[in-house]
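Below: the structure, in structure tokens.
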2 protein chains.
Amino acid sequence: MALEHAILVSLLEQPGSGYELARRFERSIGYFWTATHQQIYRVLKRMESDGWIDVREVPQQARPDKKEYSVAAPGRTALSRWLHEPIEPESVRHELAVKIRGAAFDDPVALIREVERHRQEHTDRLARYLAGERRDFTGPDAPATPDAGQELQHVVLRGGIAYERMTLAWLDDVLDTLHRLGPGD
Amino acid sequence: MALEHAILVSLLEQPGSGYELARRFERSIGYFWTATHQQIYRVLKRMESDGWIDVREVPQQARPDKKEYSVAAPGRTALSRWLHEPIEPESVRHELAVKIRGAAFDDPVALIREVERHRQEHTDRLARYLAGERRDFTGPDAPATPDAGQELQHVVLRGGIAYERMTLAWLDDVLDTLHRLGPGD
DNA sequence: TCCTGCTATGCAACTCGTTGCATAAACAAG
DNA sequence: CTTGTTTATGCAACGAGTTGCATAGCAGGA
């Protein structure tokens, strides 16, 4: 399980509430890990009862109070232990690829609009990542001499950018193939 | 859920037993979907009781009997229906990226060996995919005029190859970054 | 005033996926 | 002749992840 460790990393970078974590998982953490707010709240409960994180009730004006979590010493120890364990190289789950191979037994051309929709979504993601990179790492407001944490965040973001670029190129390949199959088949 | 649909596609390409499906999921299907044999057997049971697939007991010599499954008409209909439904663009789960960002709070250099291990695994995967591509699509024994099914299998395989190449380049970027952080930090 | 939307948290039920274990037939190696 | 490996199937228990729903404070607009 890596969700608890992803939460530890995120809280070490910046303490926050379950709600804030959920939004980070939609944004920066989203390009290598996803989680819904229900999952996050449940895991936060467990981590708190295990003593991995501390809570602080924070009253707010103009919005409901929140519980701000921060990493406690046992949480740091648990993260460190996990960092030194080997993990399995990840394996992909790509539903669209299942559909593409399945299209051989249906109408390949009917898939074009779906692939174009995915292409649009990946175009948007790439634009978001590039905007984030300019804002935090390569733009004029970025730190001139980044520390280790920023270097590591940047290299992970470059991975997200590379993934989106690769995916866009592949989706173009898929579209070419589907178009070729249209008239000739 | 796409596992049942991945199984339908695989059985349409070639009928087979649960065991054979499990091995296909380790091989060709593995670069866009994974499943263990327990999962496959359970889903096959459900698909059979739903009338999506037919079973045939096949006695074998020199090894235990097997149940060969093939797609029935309702299964084809179900697949076709699913193919015309939109799906969410996939989201990634990359544990290694969590570790890389976590390394900022531990020892970045300690991660180098783990990253190198992953690099080796992706090198092996790429070699397997390229060998499969030569065997089935670009080598001398490949069909000169591939049909739609083969074209679609090939474009999905090209996606797997592109993914592995992109990942290898990124892991090199990660290794460079970790090495840079070593002496200077 | 009511409705919508955002922040903020949570329960309950369910499905999906993993892990550990078990069985059994056949062959190959020692 | 016992042990290990490959093929082949399966159960039981657990943990991870999703979906639907509920609550509640406050803001802004119709």
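Remember, predicted model here, so these are calculated numbers, not experimental data. Naming convention: chains lettered A, B, ... in sequence-line order (proteins, then strands); numbering from 1 in each chain.
- Here the C1' atom of nucleotide C/dT9 and the CZ atom of A/R56 are 18 Å apart, to the nearest Å.
- Between the CG atom of B/D65 and the C1' atom of D/dT9 there is a distance of 11 Å, given to the nearest Å.
- Only one option out of B/E116, B/E114, B/H122, B/E121 pairs with B/H118 in a side-chain hydrogen bond (donor to acceptor under 3.5 Å, both in side chains); it is B/E114.
- Counting only N and O atoms by type, the side chains of A/H84 and B/D106 include a donor and acceptor under 3.5 Å apart.
- In this structure, the separation between OG1 on A/T167 and CG on A/L126 is 10.0 Å, given to the nearest 0.5 Å.
- If you take CD of B/E68 and C1' of D/dA8, they are 14 Å apart, rounded to a whole angstrom.
- Near-neighbour residues of DNA chain D inside residues 7-23 of chain B, defined by a heavy atom below 4.0 Å, number-ordered: B/S17, B/G18, B/Y19, B/R23.
- In the displayed structure, A/E88 atom CD is contacted under 6.0 Å by at most 12 heavy atoms of other residues, nucleotides or ligands.
- Taking hydrophobic clusters as Ile, Leu, Val, Met, Phe, Trp and Tyr residues chained together by side-chain heavy-atom distances below 4.5 Å, B/F32 does not share a cluster with A/M166.
- For the pair A/E95 CD and D/dT18 C1', the computed distance is 13 Å after rounding to whole Å.
- In this structure, OH of A/Y41 is placed 17 Å from P of D/dT23, rounded to the nearest angstrom.
- The distance between atom CD of B/E90 and atom P of D/dT18, rounded to the nearest whole Å, is 14 Å.
- Summarising the geometry, the separation between CG on B/L44 and P on D/dC11 is reported as 12 Å, rounded to the nearest angstrom.
- Note on A/K45: every side-chain N or O is 4.0 Å or more away from OP1 and OP2 of C/dT9.
- In this structure, A/Y69 atom OH and C/dA8 atom P are separated by 13 Å, rounded to whole Å.
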Base versus backbone protein contacts along nucleotides 12-24 of chain C [heavy-atom cut-off under 4.0 Å; B, S, -]: -B--SBBBBB---

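- B/L111 contributes atom CG, which lies 11.5 Å from atom OG1 of B/T177 (distance to the nearest 0.5 angstrom).
- Side-chain atoms of B/S80 never come within 3.5 Å of backbone atoms of B/R76 as a donor-acceptor pair (strictly under, hydrogens ignored).
- B/R24 and B/E13 are not joined by a salt bridge, as no carboxylate oxygen comes within less than 4.0 angstrom of a charged side-chain nitrogen.
- One finds the OH atom of B/Y41 at 9.0 Å from the NZ atom of B/K67 (value rounded to the nearest 0.5 Å).
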